[in-house]
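Right, one structure below, let's go through it.
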Amino acid sequence: MDKNKALIEIKNLKKYFPIKKGLLKKTVANVKAVDDVSFTINKGETLGLVGESGCGKTTTGRTIIKLYQPTSGQIIYGGKDIAKLSEKEMAPYRRKMQMIFQDPYASLDARMTVGDIIGEAIDIHKLMTGKERTERIQYLLDRVGLNSEHANRYPHEFSGGQRQRIGIARALAVQPEFIVCDEPISALDVSIQAQVINMLEDLQNDMGLTYLFVAHDLSMVKHISNRIGVMYLGKMVELCESNELYKKPLHPYTQALLSAIPVPDPEQAAARQRIVLEGEIPSPIDPPPGCRFKGRCRYAKPICSQQEPVFKDLGGGHFVACHLY
Amino acid sequence: MEKLLEIKNLETSFYTHAGEVKAVRGVSFHLDKGEALGIVGESGSGKSITMMSLMRLLSDNGKIKKGELIFDGRDLAKLSEEEMQNIRGNEIGMIFQDPMTSLNPVLTIGDQLTEPLIKHRKMTKQQAFERAVKMMTLVGIPSPESRMKQYPHEFSGGMRQRVMIAMSLVCEPKLIIADEPTTALDVTIQAQILELMKDLKEKINASIILITHDLGVVADVCNRINVMYGGMIVETGSTKDIFYNPKHPYTWGLLKSIPNPNEEERERLIPIDGQPPDLIKPPVGCPFAPRCEYAMKICMTENLPVFEVGENHKAACWLNHQDAPKVEPPVGRRNL
């Protein structure tokens, strides 16, 4: 698999949510959830996206597969900009891009059988009917480690880990190329998390899938991702190969974020020095000018309040947006 | 070391339409003064219910069937509801998982913080206000006087959890029970809260019981760990024993299923196959045996004994019997 060929190029992507007030629903302000983000997702890779809640990582994932209409910017999928396509023109791309959701309880329709949940997408895209469709559903259930007889059961009969498997089977039903995994394991127990992560890795190897893996559990993101992007308040602040990020984090925010990961080793935990960030993430409605992290940054200089740092490649595909470099 | 808490042979059940759910099945452990004890295990292992039993906060269909809950010389299982109210929030403070739902949305933070002081400590409003402001400062909430007049929705998640901690500390309890205190928070905020808890432990010399499923969190904060599974404690020992010299296959499984923080190449995770036991019909013998790759015949038939495997280190697993086959623990995280 050629991991350096771009599958999706995101250029200057913005997603603003308007805040409307008054009788005429006039837009009084915008929540700048994703504010000018550019990066590439390569074919067959797992790109991790991390950051605190409210940093825009989930919105980025949802905007890329156009669950949200982007405010501006380009999403180039296999050479074509899909950002402005109509719903009808999007149909073939919808099949190629799927999503696995965070909450395995809320993301499955309680009134549908598992077979119908998985089959729905097959029906919508008119891929198969009759016996072929049934066989496909059985194959998918088997692929995610469930029994074919589970097709006639309802979601409430399954545990959290099994439901997440159903969610994965549903995403695979239409033979996608690209899957956005939005916190797929954060609702699961530790021992079950490993089962789901291993399965995602196996499926990727067998089917050549590309993942955008959104999560806040940084140790698991490091484990599964080839490259990782760090977001802060709607901006991408650092992006590089995952080992490099953990060994040589450049952005002060990345450094603080990594030092905050709890280490499952008592001696290492006692030995290391934590960079405790003061304060909280500012409001994305009216983000501060210049660098958005400057208020919490240990190294802030005058230039950080005046000029927004450029997101640039420092060599070897290690991108960072910081005036220190 | 002086014992602050001793739980002896606790059994708690819930009576549901499906039958009796035996959530806690014979749990015994103790806590010394000034100690931080971690309780780890999956959902349904009984870790929260053990603590809810101790606080006597079980729902109506839950019942303590058996056991003693000796806290500071008294058996809490025998106290009346009125006597318990004098202990909750006063001698034992609780920090709950979800700061969004455990604060009352229609009362100001100030009202909620001063209530226990006025009730338990018979303080005047003014005295209580001053003490509450002091607690808010201690947990690192900026401009506490003005924050006292605000409502919970005006606080962020991390700030609300600080308020919860301030509230649990306001009466200077001897014991703080923290049930997944950082699960709902971001890592950076989690780090702030954990540093705060460690700091407070030193400052006010309180004992802490920390319930979590995050092994990283216990490694950081706790001196001793109980590993729970299927309503029982399957292994207990010092934090170093549990991480570097674990003696129960379930503990091995937990340690193997998290990514190695020092991995260079992607190492495959080793999950624990199968599902936790159904506590309506708990399996005979070891609850972990159906998922255990080392399970022997005796594990499914005999009552599970607890083996002393070291100083203050116990494991409920037949592999520690002198006649059991010698098994090399597969946990290679650190070789001591």
Side-chain angles (χ1 to χ4, degrees), chain A residues 46 50-55 145 158-162 186-199 201-202 216-226 242-243 246-247 253 256-270 272 274-281 296, chain B residues 40-45 140 142 156-159 182-192 194-195 213-223 238-240 242-244 250 253-276 291 333-334:
Chain A
T46 301
V50 299
E52 292 169 88
S53 34
C55 72
F158 295 89
S159 66
Q162 287 172 320
S186 54
L188 306 177
D189 270 314
V190 184
S191 68
I192 311 295
Q193 286 186 356
Q195 293 177 4
V196 172
I197 289 292
N198 280 349
M199 194 170 70
E201 288 175 4
D202 290 344
H216 69 264
D217 176 348
L218 290 117
S219 49
M220 206 51 108
V221 174
K222 177 189 181 220
H223 170 78
I224 196 168
S225 307
N226 302 100
S242 54
N243 277 339
Y246 281 73
K247 270 199 208 130
Y253 177 63
L257 196 63
L258 294 179
S259 85
I261 309 173
V263 187
D265 184 321
E267 280 175 15
Q268 272 187 36
R272 71 147 169 196
R274 240 186 209 146
I275 308 168
V276 175
L277 281 183
E278 298 297 326
E280 312 222 352
I281 197 160
R296 300 169 80 187
Chain B
V40 297
E42 328 187 25
S43 1
S45 62
S156 67
M159 281 296 151
T182 57
T183 306
L185 306 175
D186 281 312
V187 276
T188 49
I189 312 294
Q190 167 170 288
Q192 292 176 2
L194 294 180
E195 290 297 324
H213 65 263
D214 188 331
L215 292 163
V217 171
V218 280
D220 197 3
V221 179
C222 300
N223 325 93
S238 72
T239 304
K240 284 185 182 169
I242 298 293
F243 277 90
Y244 302 142
Y250 177 64
L254 279 182
L255 291 170
K256 279 191 300 181
S257 59
I258 50 174
N260 174 0
N262 306 319
E263 74 182 341
E264 294 271 331
E265 290 290 307
R266 192 190 283 181
E267 295 167 14
R268 199 167 168 79
L269 300 176
I270 305 164
I272 306 172
D273 284 327
Q275 299 286 335
R291 297 171 81 183
R333 190 154 298 269
R334 272 280 303 273

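Within every chain, numbering begins at 1; the chains are lettered A, B, ... in the order of the sequence lines, protein sequences first and strands thereafter.
Per-residue counts of heavy-atom pairs under 4.5 Å with chain B were compared for Val196(A), Leu188(A), Ile224(A); the largest is that of Ile224(A). Ranked by heavy-atom pairs shorter than 4.5 Å toward chain B, the options Ala260(A), Ala269(A), Pro266(A), Ala194(A) are led by Pro266(A). When Ile192(A), Ile261(A), Asp202(A), Ile197(A) are compared by the number of non-hydrogen pairs under 4.5 Å with chain B, Asp202(A) comes out ahead. Of the listed residues Arg268(B), Gln192(B), His213(B), the one with more heavy-atom pairs under 4.5 angstrom with chain A than any other is Arg268(B). Across Met220(A), Gln162(A), Arg274(A), Lys247(A), the residue that shares the most heavy-atom pairs under 4.5 angstrom with chain B is Arg274(A).
The shortest side-chain heavy-atom distance between Asp189(A) and Gln275(B) does not fall under the 4.5 Å cut-off. Side-chain contact check for Ser257(B) versus Val190(A): some heavy-atom pair is nearer than 4.5 Å.
Looking at Gln190(B), only its side chain comes within 4.5 Å of chain A, counting heavy atoms on both sides. Neither the backbone nor the side chain of Ile275(A) comes within contact range of chain B; no heavy atoms are under 4.5 Å apart. Both the backbone and the side chain of Leu277(A) have a heavy atom closer than 4.5 Å to some heavy atom of chain B. Using a 4.5 Å cut-off between heavy atoms, Ser159(A) touches chain B through its side chain atoms alone.
Not counting sequence neighbours, Tyr246(A) has no partner by the ring pair (Phe, Tyr, Trp, His ring centres under 6.0 Å) test.
Counting only distance, with no hydrogens or angles, the side chain of Gln195(A) and the backbone of Ile272(B) share a donor-acceptor pair below 3.5 Å. Between the side chain of Asn198(A) and the backbone N or O of Leu269(B) there is at least one donor-acceptor pair closer than 3.5 Å.
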For Thr188(B) and Leu257(A), run side chain to side chain contact (heavy atoms under 4.5 Å, CB included): C-alpha distance rounded to whole Å, both residues' side-chain angles, the deciding distance at 0.1 Å, then the answer.
CA-CA 6 Å; Thr188(B) 49; Leu257(A) 196 63; 3.7 Å; yes
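Of the options Asp220(B), Asp214(B), Leu215(B), a side-chain contact (heavy atoms from CB on, under 4.5 Å) to Pro264(A) is made by Leu215(B) and by none of the others.
Atoms NE2 and CD1, on His223(A) and Ile258(B) in that order, are 12.0 Å from each other to the nearest 0.5 Å.
Pairing each heavy atom of Ala219(B) with each of Asp265(A), the nearest pair is CB-N, 3.8 Å.
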